[in-house]
Amino acid sequence: MRPHRLPRSFYLQPTLQVARQLLGLYFVGLSRGKQLAGRIVEVEAYLGDLDPASHAFRGRTNRNEVMFRKGGHLYVYFTYGMHFCSNVVTGKEGVGHAVLLRALEPAEGIPLMARRRKRSAALVGELCSGPAKICQAFALTRKHNGTDLCGSVFWIEQRDPPLKRGQIGASPRVGISRGKNFAWRFVILGNPYLSR
DNA sequence: TCCGAGATTCACT
DNA sequence: GTGAATCTCGGAG
């Protein structure tokens, strides 16, 4: 199939649906004139209004303002005084939903990713196997918070036919203390590039 | 106004 | 297994 960038309408669908459909798609970005890309293999959904683990649960603040924009924006936040994590905002304006990118299978620009991660390019499995690692490999920072994925810097692309239902696994999310009962972490079953 | 915990990762023990 | 990095927010004082 011919690769194509996903339109705004994709991100406006219900959040859990977007989360599942993101698996197998490619997160692509331009950085220093080079194209970087990774296949999305693990995500987590954060449904602000229902979800005590979400930054948006208690309403809008300066930090989470981007989560309340319409779907298709990139929400990059700083945490643990150390790391950035990146989310795809979903749903209509004002909803406060997003999908956290947790792991990618590196596809393009591996030498540049490895340099940024301070890892050998041979260790492909350690370049994007965690939300903060993705940001480091793609050089995503506060500056990119609010980037429109329907623009020309970062976007999401479909390159392969959609996954079959049986290839997708759902489980509770990782690294949180509240909202543990929701099985809102989605993975490509058996993929070697998952986090943890 | 201060304190603790957090959607994490890495180096070291 | 444990601690450090040190931003942001909510709740206590």
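Side chains included, hydrogens not; waters and symmetry mates left out as well; all remaining heavy atoms used. Here is how names work: the chains are called A, B, and so on, in the same order as the sequence lines, proteins then strands, and each is numbered from 1.
- Salt bridge A/R173/A/D51: present, at least one basic N to carboxylate O contact under 4.0 Å.
- Rounded to whole Å, atom C1' of B/dT9 lies 9 Å from atom CZ of A/R119.
- Atom pair A/H55:NE2 and B/dA5:C1' shows a separation of 11 Å (rounding to whole Å applied).
- Across the protein-nucleic acid pair, A/R102 atom CZ and B/dA7 atom P stand 11 Å apart, rounded to whole Å.
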Intra- and inter-strand pairing of DNA chain C, written as dot-bracket with Watson-Crick and G-U pairs under 3.5 Å and | for the latter, reads |||||.||||||.
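- A salt bridge links A/R39 with A/E105; the closest basic N to acidic carboxylate O contact falls under 4.0 Å.
- Chain A approaches DNA chain C over the interval C/dA5 to C/dG11, counting the first and last nucleotide 5' to 3' with an atom under 4.0 Å from its heavy atoms.
- At whole-Å resolution of the value, OH in A/Y80 and C1' in B/dA7 are 7 Å apart.
- Atom C1' of nucleotide B/dA7 and atom OH of A/Y75 are separated by 9 Å, given to the nearest angstrom.
- Between A/K133 and A/C128, the shortest heavy-atom contact is CB-CA, 4.2 Å.
- Note: A/H97 and A/Y46 fail the aromatic proximity criterion, with ring centroids not under 6.0 Å apart.
- Judged by distance alone, the side chains of A/Q136 and A/R116 never bring a donor and an acceptor atom under 3.5 Å apart.
- Between A/L23 and A/E42 the shortest heavy-atom distance is CD2-N, 3.7 Å.
- Comparing A/H83 and A/R58 by the nucleotide of DNA chain C whose heavy atom lies nearest to each, the residue mapping closer to the 5' end is A/H83.
- Distance check on atom C1': C/dT6 versus B/dC2 gives 15 Å, rounded to whole Å.
- For the segment residues 38-51 of chain A, residues with any heavy atom less than 4.0 angstrom from an atom of DNA chain B are, sorted by number, A/Y46.
- We find that A/R119 and A/E126 are joined by a salt bridge, their nearest charged nitrogen and carboxylate oxygen being less than 4.0 Å apart.
- A/P3 approaches A/E157 most closely through the heavy-atom pair CB-OE2, 3.7 Å.
- One interatomic measurement links the two molecules: NZ of A/K133 to P of B/dA7, which rounds to 18 Å at whole-angstrom precision.
- In terms of position along DNA chain B, the nucleotide closest to A/G175 lies nearer the 5' end than the nucleotide closest to the other residue of the pair A/R117 and A/G175.
- Spacing between B/dA5 and C/dG3 at atom P, rounded to whole Å, works out to 14 Å.
- Within the structure, every side-chain polar atom (N or O) of A/S54 is placed at least 4.0 Å from both OP1 and OP2 of B/dA7.
- In this structure, A/Q158 contributes its side chain and A/L6 its backbone to no donor-acceptor pair below 3.5 Å.
- The distance between atom CE of A/M67 and atom P of B/dA7, rounded to the nearest whole Å, is 11 Å.
- Comparing the P positions of B/dT13 and C/dA5 gives an interatomic distance of 15 Å, to the nearest angstrom.
- Between the CD1 atom of A/I176 and the C1' atom of B/dA5 there is a distance of 14 Å, rounded to whole Å.
- Taking the six-membered ring where the residue is Trp, the centroids of A/H55 and A/Y77 are separated by under 6.0 Å.
- The residue A/A53 sits close to a base: some heavy atom pair falls under 4.0 Å.
- The pair A/R159-A/E108 meets the salt-bridge criterion, since a charged nitrogen lies less than 4.0 angstrom from a carboxylate oxygen.
- By the 4.0 Å N-to-carboxylate-O rule, A/R69 lies too far from A/D148 to be salt-bridged with it.
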